Amino acid sequence: EITKEQQALMKIITDAYNRHQIPQDVAKKLLQDQYSAEENFLLLTEMATSQVQVLVEFTKNIPGFLSLDREDQIALLKGSAVEAMFLRSAQVFNRKTPSGHTEVLEERIRKSGISEEFITPMFNFYKSIGELHMVQEEQALLTTVTILTPDRPYVKDQQAVERLQETILDVLRKLCVLQHPQEPQYFARLLGRLTELRTLSHYHTEMLASWRMNDHKFTPLLCEIWDV
Ligand SMILES: Cc1cc(C(=O)O[C@@H]2C[C@H]3CC[C@]2(C)C3(C)C)ccc1N
């Protein structure tokens, strides 16, 4: 019983999600032949930077987002960037690239100076996302729900964000029932992944700190979005 306007909303968000993808050249670079840990790190920096740019462009297409208070828009972007990035990279990772380059991508990430204690939860998350076999509409809506989380730090008008998020949650719930009729608790499983994402973002903060310690270079955009 998805209404006409909910159909339209889902189409806008899914088209935006698919339109704003990581440039193929960045993803392809990661899949080229051997690199040193240093070069791997630089590639991940490029990947993360382009993922943040993709996130900002995508967010501007979420109906209602640009009508929010300007400072709240920034607070939502900063608060959700890591989670949206992990969701996006989980989808990139799980999309079996033609010649199954997934292992190569995993290899690159493992050999880029990220310590084992963050690698394990990261790949566990990727696997748990992969097992959901989300359709692209679900991926786009779940990312939107993450971005529109009202209780991010420094959000002033949480009500306004909540109203937007509830609209998206309603469409996502109906879509899950339609797409996974044999699994009534699928929607709940999806939302459970958002909790897993919050844990990952704590690991991410430590990952950044350990890179900082070893004097790794970040781009200005990554410094700005994560206050590093
Ligand atoms: C500040 C900074 C952050 C990252 C990052 O968050 O990378 C993300 C973590 C994993 C999930 C998306 C990433 C690009 C990943 C695949 C390495 C990478 C380089 C860098 N200089």
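One-based numbering, in listed order, for ligands and for the atoms of each. The model shown is predicted, which means the values in this text are computed figures rather than measured ones.
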Using distance only, find each side-chain donor-acceptor pair of residues 114-122 under 3.5 Å and give its atom names and separation, not counting sequence neighbours.
unit_1, atom_1, unit_2, atom_2, d
Thr120, OG1, Glu116, O, 3.2

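Every side-chain contact (heavy atoms from CB on, under 4.5 Å) that Asp227 has, sequence neighbours left out, goes to Lys78.
What sits closest to atom 21 (N) of ligand 1 on the protein, heavy atoms only, is Thr45 OG1, 3.0 Å. Shortest contact from atom 1 (C) of ligand 1 to any protein heavy atom: Leu208 CD2, 3.5 Å. For atom 17 (C) of ligand 1, the nearest protein heavy atom (residue, atom name, distance) is Leu44 CD1, 3.7 Å. Summary of contacts: the protein heavy atom closest to atom 9 (C) of ligand 1 is Met207 CE, 3.7 Å. Taking atom 6 (O) of ligand 1 as the reference point, the nearest protein heavy-atom neighbour is His204 NE2, 2.6 Å. The protein heavy atom nearest to atom 12 (C) of ligand 1 is Met85 CG, 3.6 Å. The protein heavy-atom contact nearest to atom 7 (O) of ligand 1 is Ala48 CB, 3.9 Å.
Below 3.5 Å of separation, one finds no N or O of Gln51 facing any N or O of ligand 1.
Of all atoms in ligand 1, numbered sequentially from 1 with element shown, those under 4.0 Å from a heavy atom of Phe86 are 10 (C), 11 (C). Shown in contact with Phe41 at under 4.0 Å from a heavy atom are these atoms of ligand 1, numbered in order with element: 21 (N).
Centroid-to-centroid, the aromatic rings of Phe58 and His20 stay 6.0 Å apart or farther. Remark: aromatic rings of His204 and Phe86 are close, center separation under 6.0 Å.
For Glu206, the CD atom is densely surrounded, since the number of other residues' heavy atoms within 6.0 Å is greater than 12. Atom CD of Glu224 is surrounded by 12 or fewer heavy atoms from other residues, nucleotides or ligands within 6.0 Å. Counting heavy-atom neighbours within 6.0 Å of Lys127 NZ, excluding the residue itself, gives a total above 12. Enclosure of atom OH in Tyr203 is not indicated, since only 12 or fewer non-hydrogen atoms of other residues, nucleotides or ligands lie within 6.0 angstrom.
Among Phe218, Tyr126, Trp226, the residue whose heavy atom sits closest to atom 11 (C) of ligand 1 is Tyr126.
Inside a 4.0 Å radius of atom 15 (C) of ligand 1 there is not any protein heavy atom.
Arg19 and Asn61 share a side-chain donor-acceptor pair at under 3.5 Å.
When non-hydrogen atoms are compared, ligand 1 lies under 4.0 Å from the side chain of Leu222 (C-beta onward) but not from its backbone.
Within the structure, ligand 1 has Trp211 among the residues with a heavy atom less than 4.0 angstrom away.
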